[in-house]
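Single-structure report; data block below.
All values reported here derive from a predicted model rather than from experimental measurement. These numbers come from the heavy atoms of this one structure, side chains and all, not from hydrogens, waters or symmetry mates. Residue numbers start from 1 in every chain, and the chains themselves are labelled A, B, ... in the order their sequence lines are given, proteins ahead of strands.
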Protein chains: 2
Amino acid sequence: MATMKDVARRAGVSTATVSRVLNGHSAPTPETRARVLAAVDALEYRPNVLARSLRVHSTQTLGLVISDLLNPFFAEIARAVEDEARKHGYVVIFGNADENVEQQERYVRTLLDRRVDGLLVCPATDDDGWVSEVSARNVPLVLLDRRIDVGGAPVVYADGAAALRELAAHLVGLGHRRIGVISGPEDTSTGRERLHAFNDALRTLGHPLSPDLVTHGDFRRRSGANAASWLLGQPEPPTVLVAMDNLMGLGALEELRRLGRRIPDEVGLAIYDDQPWFPLFEPAITVVAQPTEEMGGAAVRSLLALINGEQPGEVHLDARLIVRASCGERL
Amino acid sequence: MATMKDVARRAGVSTATVSRVLNGHSAPTPETRARVLAAVDALEYRPNVLARSLRVHSTQTLGLVISDLLNPFFAEIARAVEDEARKHGYVVIFGNADENVEQQERYVRTLLDRRVDGLLVCPATDDDGWVSEVSARNVPLVLLDRRIDVGGAPVVYADGAAALRELAAHLVGLGHRRIGVISGPEDTSTGRERLHAFNDALRTLGHPLSPDLVTHGDFRRRSGANAASWLLGQPEPPTVLVAMDNLMGLGALEELRRLGRRIPDEVGLAIYDDQPWFPLFEPAITVVAQPTEEMGGAAVRSLLALINGEQPGEVHLDARLIVRASCGERL
DNA sequence: GCCGTGCGTGTATTCGATTACACGACCCGG
DNA sequence: CCGGGTCGTGTAATCGAATACACGCACGGC
């Protein structure tokens, strides 16, 4: 690979001049500029990004740590993040934490070691041990989807309260009284908040959740199936299941199919997160849809703002209810 | 951030010694070693990966260019790649080509500029303009999923011929004679090969595809829906649809639902690629499943072999038929 | 004709590591 | 008691770029 020195020699100038031409700095003469550019493409010169980064303390790289790339929700986020980053000339390195705190911590460290200019994290749990390391090296940090209490880091998330209120009204309106919930882990903000928001809404309607019909999964498919199985095995089983994440919802659906329960006649089902295939199930699944693309984009923009020394605020977008047929007759 | 010089000063040794301790080289005295290590964690020293990479000409980073992260098939690949890479101490940078040749080319260049140690590409099309650049910088390259004719680059892919033969037999056995195919683009190897393998199998059975029932999509959902719509609008419409990719299959299903056609009584459906939710549709979808996880893992191993100067062969794994209920009565 | 101004360019240092080579201490055999 | 080998450590060059600073030259004003 040709280096800058080769280009300089061929153009009969110094490396400083080459650098200036390439970076559009000060003002080399038009002729010099032309000579340099000619040498550049004669030699097919490409700058060494590592050397540059070492010198200027910036890598034009963002780090993204997500909990699970197989979760379509996070895949969409990753895709949106990559897309927005590219638009701004950044590249993204990503790591899968696998809903696992230690792996998440390892990844954060790896990405910091790679000198990313900023870090985007969808925290696996409330654990915040890794945050101190990030702030110690003062690398800009933006939290995505799940929030943890940590000073300064802006959060981008989707607020499901309104949508869950609508969902509660929808279910109650259809006559459902025993509502089974498959919630996320209690040590994640999304796990807690969705449950609380939903319960608050139901309480307001005069039909609070029965504590024995609330289960906690781990945002994975298996846990959804297990929870559904347990709920339906109760002495007074629920008439509708609400899964607080798309994978757990899938698991619940799987279990309903396995048990041969007719939806929605025997049991209804609603899922938090929409997916392209949810309308294609029989019956089409009623969901709370999150604006994933906007979330990813907004997170990147917040992060870039931080990198530029600005002080972006918390972004919160709204999730919305999409009523389909899986909880009973459409109104 | 503490640098190696700081550590050296604090430990009362030279940077060379620090480096030797950290890399387990030659043999510093146990006492020196201890002093250095003490200094390292007193200062919370972390090596600067950029400086190291610049010096040793290796970044411990792999580049992955995929066509579409929103395609669950590629998401699984990405996940498997990242997983295997991590096990070997590599990090992966990825780029979404969006089934778009130019963006793919830009990404290849970007990743090369980042000095990845090796490149994994799922080519968007047969276009191979970008390959020359890779070989010019002799960066190890492994092709994943789709093959293109290019000397030297090992290919990792799933061979669907056997599974498609079984599928053909299954369909013919169920009495299907007019079989509609939603194939991939003709300028991708997977697009061509799956169609040919399937047609060969049918021909052998004495029921070759009717050319007017073969359509080509672009591996995206919309094209699957359009193709299904077109096929069903033919004067003599097919009795079963075979979509050669999971997204086009989803599109076809969408269209079938929209038109209100009962599956499999009115039209059957089979899809290439399995997904966790395919068994949950009513009826459960018959599929050809690819071993995505193995593909991703194998690709990384081939790439690492190349990086180590070995000469890995072509890896081809087998896809397999999973008969469910969407083409008619299960045998 | 002299000197300040400004502009284009080159020289040399720096970023933070790795490593070839040299050097001094120590030990041992003749 | 001295020469040669071993072993641990330090010195300095290197990777490939960016950039502070200095230098030289042309030009203009007096």
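- The nearest whole Å value for the distance from the CG atom in A:Leu50 to the P atom in C:dT14 is 22 Å.
- Heavy atoms of B:Val49 sit nowhere under 4.0 angstrom from any nucleic acid atom.
- Taking atom CG of residue A:Leu22 and atom C1' of nucleotide C:dT9, one finds them 16 Å apart after rounding to whole Å.
- Following rounding to the nearest Å, B:His57 (NE2) and C:dA17 (P) show an atom-to-atom distance of 17 Å.
- Partner B:Arg146 forms a side-chain contact (heavy atoms from CB on, under 4.5 Å) with one of B:Thr125, B:Val155, B:Thr188 and no other, that one being B:Thr188.
- Contact annotation for B:Ser19: base contact, defined as any heavy-atom pair under 4.0 Å involving a base atom.
- Between the CZ atom of A:Arg115 and the P atom of C:dC15 there is a distance of 13 Å, given to the nearest Å.
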* Would A:Leu144 and A:Ile77 satisfy side chain to side chain contact (heavy atoms under 4.5 Å, CB included), going step by step from the backbone distance to the final call? -> CA-CA 9 Å; A:Leu144 190 43; A:Ile77 294 268; 3.6 Å; yes
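- Among the heavy atoms of the strands lying under 4.0 Å from B:Val13 are primed sugar atoms or P, OP1, OP2 only; no base atom is included.
- Counting non-hydrogen atoms under 4.0 angstrom, B:Met4 reaches a base of the nucleic acid.
- Contact between the side-chain N/O atoms of B:Thr3 and the OP1/OP2 oxygens of C:dG16 is not found at any separation under 4.0 Å.
- Recorded end-axis angle for the helix from C:dG1-D:dC30 to C:dC27-D:dG4 stands at 70°, based on five pairs per end and rounded to 10 degrees.
- Residue whose closest nucleotide on DNA chain D sits further toward the 5' end, between A:Met1 and A:Thr17: A:Met1.
- Of the candidates A:Thr190, A:Asp218, A:Asn71, A:Asp245 forms a side-chain contact (heavy atoms from CB on, under 4.5 Å) with just one, namely A:Asn71.
- With rounding to whole Å, A:Glu31 atom CD is found 11 Å from C:dG8 atom P.
- Contact annotation: side chain of A:Arg55 to base of C:dT14, donor-acceptor pair present below 3.5 Å.
- Taking atom NZ of residue A:Lys5 and atom P of nucleotide C:dA12, one finds them 13 Å apart after rounding to whole Å.
- No hydrogens or angles were tested; on distance alone, a donor-acceptor pair under 3.5 Å links the side chain of A:Arg20 to the base of C:dG10.
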* side chain to side chain contact (heavy atoms under 4.5 Å, CB included) between B:Tyr90 and B:Thr61, worked out -> CA-CA 5 Å; B:Tyr90 282 77; B:Thr61 303; 5.7 Å; no
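- Residue contacts shown for B:Thr32 are limited to sugar-phosphate atoms, with no base heavy atom under 4.0 Å away.
- Summarising the geometry, the separation between CG on B:Asn48 and P on C:dC15 is reported as 12 Å, rounded to the nearest angstrom.
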* **salt bridge (charged side-chain N to carboxylate O under 4.0 Å, His left out) assessment of A:Asp98 paired with B:Arg86** => CA-CA 13 Å; A:Asp98 237 353; B:Arg86 186 175 37 73; 5.6 Å; no
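- Taking a cutoff of 4.0 Å between a charged side-chain nitrogen and a carboxylate oxygen, B:Arg220 and B:Glu99 do not qualify as a salt bridge.
- Between the P atom of C:dG10 and the CZ atom of A:Arg9 lies a distance of 14 Å, rounded to the nearest Å.
- Protein chain B contacts DNA chain D over a range whose 5' and 3' limits, counting nucleotides with an atom under 4.0 angstrom from a non-hydrogen atom, are D:dG8 to D:dG16.
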* Would you sort out whether B:Lys87 and B:Glu84 count as a salt bridge (charged side-chain N to carboxylate O under 4.0 Å, His left out), showing the intermediate values? => CA-CA 5 Å; B:Lys87 281 187 202 148; B:Glu84 185 75 16; 3.8 Å; yes
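- Seen from the ring of B:Tyr157, B:Arg147 counts as a face-on cation partner, given the 6.0 Å and 45° thresholds.
- Side chains of A:Arg114 and B:Thr59: no donor on one and acceptor on the other come within 3.5 Å.
- With contacts defined as side-chain heavy-atom distances shorter than 4.5 Å, the pair B:Asn96/B:Ile66 qualifies.
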